[in-house]
Amino acid sequence: MAAIETDYAVWLRGIEKRFPGVIACDGAELKVRRGTIHALLGENGAGKTTMANVLAGVYRPDAGEVWVNGKRQTFRSPADAIAAGVGMVYQEFRLVPSLTVAENIVLGAASPLLRVVEIEEKVAELSDTYGLAADPSRPVWQLSMGERQRVEILKALWRNASVLVMDEPTAVLTPAEAAELGLTLRAMAVDGRSVIYISHKLDQVVAFCDEATVLRRGKVTATFDDLIDVDLAELAEKMVGASEVGTIKRLKSIQPGHAVLHLNGISARNDRGLPALSDINITVHANEIVGIVGVSGNGQKELAEVIAGLRKPSEGRMILGDQDVSGASPADRYRMGLAYVPEDRLGVGLAPKMSVVDNAVVRSYRSHRRGIFLAASKCIVFCKGLIERFGVRVGRLSHPIAGLSGGNLQKLLLGRELAEQPIMLVAAQPSRGLDVQGVVAIQGHLADQRNNGVGVLLISEDLDELLALADRLLVMFGGRVVGEYGPDVTPRTILGAAMAGRPPQ
């Protein structure tokens, strides 16, 4: 392989990676110097994990070059990347619970001549070197999430990784564990290793990292060679800054109506059992769009799921219209007037293997029965009505819905949710990944709902979209609502500071 003289441990040059209907990376570049901790930032869907997977050998780029420690690489598998010195610690740990710490660390990477005692001694020595306390003989199923992460890091170090990629490393950690991780990463950098740190927690990024690269829609929008004097608000603004696609014009103000949704003291935990929402109080009125602003990972996903009934709150009450629905099922909430468009349109919102018709009627199937059976003719008429009303382009109605484009999936999903004339709509990232026409269409439907008396809670990572559509903006940070702002009178700098956890007093 060719070699180049460079101070970079990693140089990803002009990386392009496409998936059906999506350009995940569009000529993106990442340079990571030796002995540094480099933050890779961006909202969900920006291309961060795709870039990391290209470096880790999980994906092969459609175009571009991968250089590691001065050598150009062509990884055909993760094993090739590991051999070149690249280790990746995924957000979802890849450990065997029934095996011990030492067995997990050396699995597939130890000489069969080594005895168990020798392996445990070497693992203990490695853990002591980097302050990664781990009992080599302890079964993994007995470990906390923080301890399991240490095992994942030790796995990479055992394989002599000179570059360590960490995807949302503190998502499952307590604050104390996160602080310990920061010290560990610094020790690795001092030892000459390089760390690529993917995170939405900007306070930790500034505290732990030396440099940063910001991605948006697969392209690099900013680089920072030194984070010492960089403000959190500046990072937040770069991540959710000006949209590359146009939005509809700023909606005219109208008088809000009666309250259609009220959250009173809602708290909830995330999938790891850690606090995700704390004392949330939100009221949404008819004829109103309330926008939720914030860097991803600050409780927006859990908020939408709690409202939809998909996640049980640990505290608090929810009123929909004039009814307490705190204990109601998702189906009951839908019948009471709650529509929900989740950010995962294929999986949570729509069933990819089911037909277009089946997906269209799954929420309102009771209206399309003859006796105890579904009436096929009624289902088809209903589906065609949605397609016409919302401008969905489809082939055969009997084909699996996964064959539709992202924009058509989203329009059908939104149409299905609005079919029963709801009083309240929760829309999470409704225009993410769509082309210009799809974005404008979805935003137009949201505006129509607001103008026709529906209350809308819009959770979006596109700040321009929120500024154009929302009547009020609520900023979330650390699972709390930290401020309320008027979109037509609030500078972006103020919103950026609030998103970084420093709302003006």
Side-chain angles (χ1 to χ4, degrees), residues 1-17 24-25 27-42 46-59 61 64-75 78 80-91 130 153 156-157 159-170 181-182 184-202 204-216 218-228 230 235 238-239:
M1 292 184 184
I4 58 173
E5 293 296 327
T6 176
D7 291 330
Y8 299 119
V10 171
W11 190 358
L12 302 182
R13 303 175 63 183
I15 298 298
E16 295 182 10
K17 184 62 183 177
C25 291
E29 184 163 314
L30 174 66
K31 295 181 178 180
V32 180
R33 291 185 294 116
R34 290 188 175 90
T36 62
I37 305 173
H38 192 108
L40 184 58
L41 307 177
K48 309 183 302 297
T49 301
T50 300
M51 289 279 281
N53 281 325
V54 166
L55 178 60
V58 177
Y59 297 150
E65 301 174 355
V66 177
W67 294 79
V68 178
N69 292 321
K71 293 184 178 180
R72 184 175 178 180
Q73 304 286 348
T74 302
F75 296 145
D80 289 345
I82 292 170
V86 179
M88 185 158 178
V89 177
Y90 292 89
Q91 189 173 352
Y130 291 97
I153 296 173
L157 295 176
R159 290 157 177 77
N160 296 316
S162 60
V163 176
L164 188 67
V165 184
M166 306 202 69
D167 191 2
E168 295 292 349
T170 61
L181 176 64
T184 298
L185 299 183
R186 181 52 56 196
M188 293 171 61
V190 170
D191 194 36
R193 303 177 195 269
S194 301
V195 179
I196 298 175
Y197 188 91
I198 302 173
S199 180
H200 289 112
K201 299 184 178 181
L202 300 186
Q204 294 174 359
V205 166
V206 172
F208 299 165
C209 300
D210 306 300
E211 309 167 338
T213 297
V214 182
L215 292 174
R216 185 169 173 81
K219 296 182 178 182
V220 174
T221 59
T223 56
F224 298 88
D225 295 330
D226 191 339
L227 291 177
I228 291 178
V230 174
L235 286 178
K238 293 294 184 183
M239 290 170 63

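Position 1 is the first residue of the sequence, and the numbers go up from there.
Note: Trp67 and Trp11 have tilted aromatic rings, judged against thresholds of 30 and 60 degrees for the angle between ring planes.
Met188 CE to Ile153 CD1: the interatomic distance, rounded to the nearest 0.5 Å, is 6.5 Å. Note that the CE atom of Met88 and the CD1 atom of Ile198 stand 5.5 Å from one another [nearest 0.5 Å]. Expressed to the nearest 0.5 Å, how far CD of Glu16 lies from SG of Cys25 amounts to 9.5 Å. Atom CG of Asp80 is separated from atom OG1 of Thr74 by 9.0 Å, given to the nearest 0.5 angstrom. To the nearest 0.5 angstrom, Leu30 atom CG is 5.0 Å from Met51 atom CE. For the atom pair Cys209 SG and Phe224 CZ, the distance stands at 12.5 Å (nearest 0.5 Å).
When all heavy atoms of Tyr197 and Pro169 are compared, the closest pair comes out as CE1-CG, 3.3 Å. Closest of all the heavy-atom pairs between Ala56 and Ala81 is O-CB, 3.3 Å. Nearest heavy atom pair, residue Ala46 against residue Leu215, reads CB-O, 3.5 Å. The minimum heavy-atom distance linking Gly70 with Arg34 is given by the pair N-NH2, 4.2 Å. Across every non-hydrogen atom of Ala156 and Gly87, the tightest pair is CB-CA, 4.3 Å. Contact record, Gly14 with Glu29: N-OE1, 4.3 Å, taken as the closest heavy-atom pair.
In this structure, the side chain of Asp191 does not engage the main chain of Ala187 through any donor-acceptor pair within 3.5 Å. The backbone N or O of Ala24 sits nowhere less than 3.5 Å from a side-chain atom of Lys17 that would complete a donor-acceptor pair. Counting only distance, with no hydrogens or angles, the side chain of Asp167 and the backbone of Tyr90 share no donor-acceptor pair below 3.5 Å. Between the Arg186 side chain and the Phe208 main chain, a donor and an acceptor come within less than 3.5 Å of each other. The closest donor-acceptor contact from the side chain of Asp226 to the backbone of Ile228 lies under 3.5 Å. No donor-acceptor pair closer than 3.5 Å links the side chain of Ser194 to the backbone N or O of Val163. Side-chain atoms of Arg193 come within 3.5 Å of backbone atoms of Ala161 as a donor-acceptor pair (strictly under, hydrogens ignored).
Between Leu185 and Met166 the shortest side-chain heavy-atom distance falls below 4.5 Å. With contacts defined as side-chain heavy-atom distances shorter than 4.5 Å, the pair Val66/Leu55 qualifies. Side-chain contact between Gln204 and Leu181 is absent, with no heavy atoms from C-beta onward closer than 4.5 Å.
Between Lys31 and Asp225 there is no salt bridge, since no side-chain N of the basic residue sits under 4.0 Å from a carboxylate O of the acidic one.
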_Intermediate values then yes/no, side-chain contact (heavy atoms from CB on, under 4.5 Å), Val206 and Val230_ = CA-CA 8 Å; Val206 172; Val230 174; 5.5 Å; no
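Under the 3.5 Å distance criterion, with hydrogens and angles disregarded, a donor-acceptor pair is assigned to the side chains of Thr213 and His38.
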